[in-house]
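Working notes, structure below.
Each chain gets a letter, A, B and so on, in the order its sequence line appears, and its residues count up from 1.
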Amino acid sequence: MKEKDNRPVYLNILTINLPIIGISSFLHRVSGFVLFSTYLVLVWMLNRSLTSEEEFVQLLSDLRNNFSLKILIFLISITIFYHSLIGIKKLITDFFGVGEQLKSGSIISWIYNVMFVLISITTLIFIFC
Amino acid sequence: MSATIPLKELKPLILSVYRFDPNKDKKAYMQDIEIEVPDNKDLMVLDVLHLAKEKETSLSFRRSCAEGVCGSDGMNINGKNGLACTTPLSEAVKRNKLVLRPMPGLPVIRDLIVDMKQFFNQFEKVKPYLITKDDAPELERKQSPAEREKLDGLYECILCGCCSTACPSFWWNPDKFLGPAALLYSLRFIVDSRDQATEERLDDLDDAFSLYRCHGIMNCVSVCPKGLNPAEAISNIRKKLTNRNR
């Protein structure tokens with residue numbers, strides 16, 4: 001039987017520096033997990049909207065007036081945006097080789113993260129104002 | 001070293017270092033050691049370790065050439081992997097504190113010394129040597145300057161392990177994902193005009209884990225003490241596999 005290795009392993013990601021590309025990649029994973037976990041909410045809403053005309057109108061009303069639902073929709077929306085934006089960035093890197101150097105990759109990551117913040121602010125205004 | 005420097009030119013520095021002695025410690029811990037470093041000279045992190053060892057004689061770390069060639073003293077310096085011998089204090093110290101930990105993801109043998117077995121196991125898998133099928137020529141296997149140029153940026157790797165131990169994909173799958181260093185070496189032999197096992201090398205990488213676990217995080221590029229770009233090498237292997245499978 002293989003002996004258990006009791007030696008410590010240093011692996012505290014809170015104390016290990018990651019470049020912006022790494023942080024974006026990590027958040028891309030997290031956003032993917034959140035989307036997977038919350039897709040049932042979207043399916044539930046789709047189901048409600050298709051049940052009947054009254055239910056559709058009621059759902060629209062809930063979306064406009066229920067503050068908790070608004071927050072949920074806002075969070076799901078920005079998660080979709082983040083996952084899509086960083087996903088597109090990865091596809092562009094894979095297909096066209098753009099951002100394969102640390103400097104260019106970092107600049108592109110910053111651009112995408114700033115785009116995400118701007119889109120999030122627009123979404124916030126759209127949902128809550 | 002400290003004896004030759006006038007006392008008035010010394011300044012205090014807190015060295016926070018990861019400690020683990022398998023003979024007496026059940027858990028690793030951080031120890032603060034106060035040392036004095038010259039105010040008018042930029043020491044390397046390795047020099048600081050030597051100064052700390054004068055106070056804490058049991059402090060253990062690897063070192064050999066002390067000039068960034070052997071790759072023995074790779075460690076995590078204030079959160080970023082690097083070689084202690086080529087990292088100046090001016091770059092590493094933050095708020096008068098230097099934090100040294102072992103390279104992440106590998107079992108710690110003692111203090112800053114990690115067991116590199118997993119790293120070298122992965123390195124071995126890429127067959128890091130020329131494979132030839134023809135009979136050996138009388139003198140040597142020749143290469144044109146243009147063919148030789150293709151190896152630039154690949155052959156300089158010193159196998160310090162800084163890149164692979166900074167790679168999250170290697171942390172999660174150290175036995176399946178080959179890691180940036182091994183893959184850099186793999187490309188070094190794939191593009192070598194004298195090597196005659198290109199197809200076999202690509203076959204070995206064509207699975208879900210060996211190569212494709214790289215997600216382009218680029219921490220390998222960020223930490224490489226030789227300024228190499230393993231992420232680009234991995235991308236080049238990917239392109240070769242894609243073109244081959246078309």
Side-chain angles (χ1 to χ4, degrees), chain A residues 1-36 82-113 115-116, chain B residues 16 18-20 22 25-30 75-82 99-115 117-118 165-169 171-172 174 214-224 227-236 238-239 242:
Chain A
M1 205 176 92
K2 199 178 170 185
E3 202 176 315
K4 198 180 169 218
D5 192 346
N6 289 319
R7 296 177 295 181
V9 172
Y10 161 59
L11 195 55
N12 181 354
I13 56 168
L14 297 176
T15 58
I16 298 171
N17 295 350
L18 282 177
I20 180 71
I21 314 167
I23 295 167
S24 302
S25 183
F26 179 72
L27 291 175
H28 185 243
R29 286 293 187 91
V30 172
S31 62
F33 178 76
V34 172
L35 282 183
F36 179 74
Y82 194 82
H83 198 73
S84 309
L85 276 172
I86 302 299
I88 291 167
K89 176 199 158 281
K90 282 182 176 248
L91 285 175
I92 290 173
T93 305
D94 280 351
F95 280 106
F96 305 109
V98 181
E100 281 182 347
Q101 304 299 318
L102 185 63
K103 199 174 176 186
S104 58
S106 299
I107 291 170
I108 292 170
S109 283
W110 275 115
I111 290 172
Y112 275 87
N113 280 289
M115 276 166 67
F116 166 70
Chain B
S16 180
Y18 187 98
R19 302 298 310 266
F20 173 72
D25 300 325
K26 283 193 173 160
K27 275 175 71 180
Y29 62 96
M30 296 301 290
M75 59 187 69
N76 191 271
I77 304 165
N78 273 2
K80 187 177 176 182
N81 283 3
V99 184
L100 298 180
R101 296 187 177 94
M103 289 197 288
L106 294 177
V108 175
I109 296 172
R110 182 173 171 147
D111 297 341
L112 298 171
I113 302 171
V114 290
D115 185 351
K117 195 176 173 196
Q118 188 66 66
T165 57
C167 171
S169 297
W171 297 338
W172 313 141
C214 169
H215 297 294
I217 287 169
M218 291 185 103
N219 212 17
C220 53
V221 189
S222 166
V223 301
C224 178
L228 306 178
N229 191 337
E232 193 180 27
I234 293 169
S235 174
N236 286 341
R238 249 187 218 153
K239 282 171 198 156
T242 311

Less than 4.5 Å to any heavy atom of chain A: does that hold for the side chain of [X], its backbone, both, or neither?
X	value
B:Lys26	neither
B:Asn76	side chain
B:Asn81	neither
B:Pro22	neither

Gap between atom CD1 of A:Ile86 and atom CG of A:Leu91 - 0.5 Å precision: 11.5 Å
Interatomic spacing from CD1 in B:Ile109 to CZ in B:Phe20 - rounded to 0.5 Å: 10.5 Å
Salt-bridge criterion met for A:Arg7 and B:Asp115 (N-O under 4.0 Å): yes
A:Phe33 atom CZ, neighbour heavy-atom count above 12 within 6.0 Å: no
Contacting moiety of A:Ile13, where chain B heavy atoms sit under 4.5 Å: side chain
Proximal component of A:Thr93, with respect to chain B [non-hydrogen, under 4.5 Å]: neither
Partner chain A: residue of B:Arg110, B:His215, B:Met103 with the largest heavy-atom pair count (under 4.5 Å): B:His215
Option in B:Gly105, B:Ala231, B:Ala28 with maximal non-hydrogen atom pairs under 4.5 Å from chain A: B:Gly105
Neighbourhood of chain B inside residues 99-107 of chain A, taking heavy atoms under 4.5 Å as contact: A:Gly99, A:Glu100, A:Gln101, A:Leu102
Residue-level interface, residues 21-30 of chain A with chain B, non-hydrogen cut-off under 4.5 Å: A:Ile21, A:Gly22, A:Ser25, A:Arg29
Side-chain donor/acceptor of B:Asn219 to backbone N/O of B:Cys167, under 3.5 Å: no
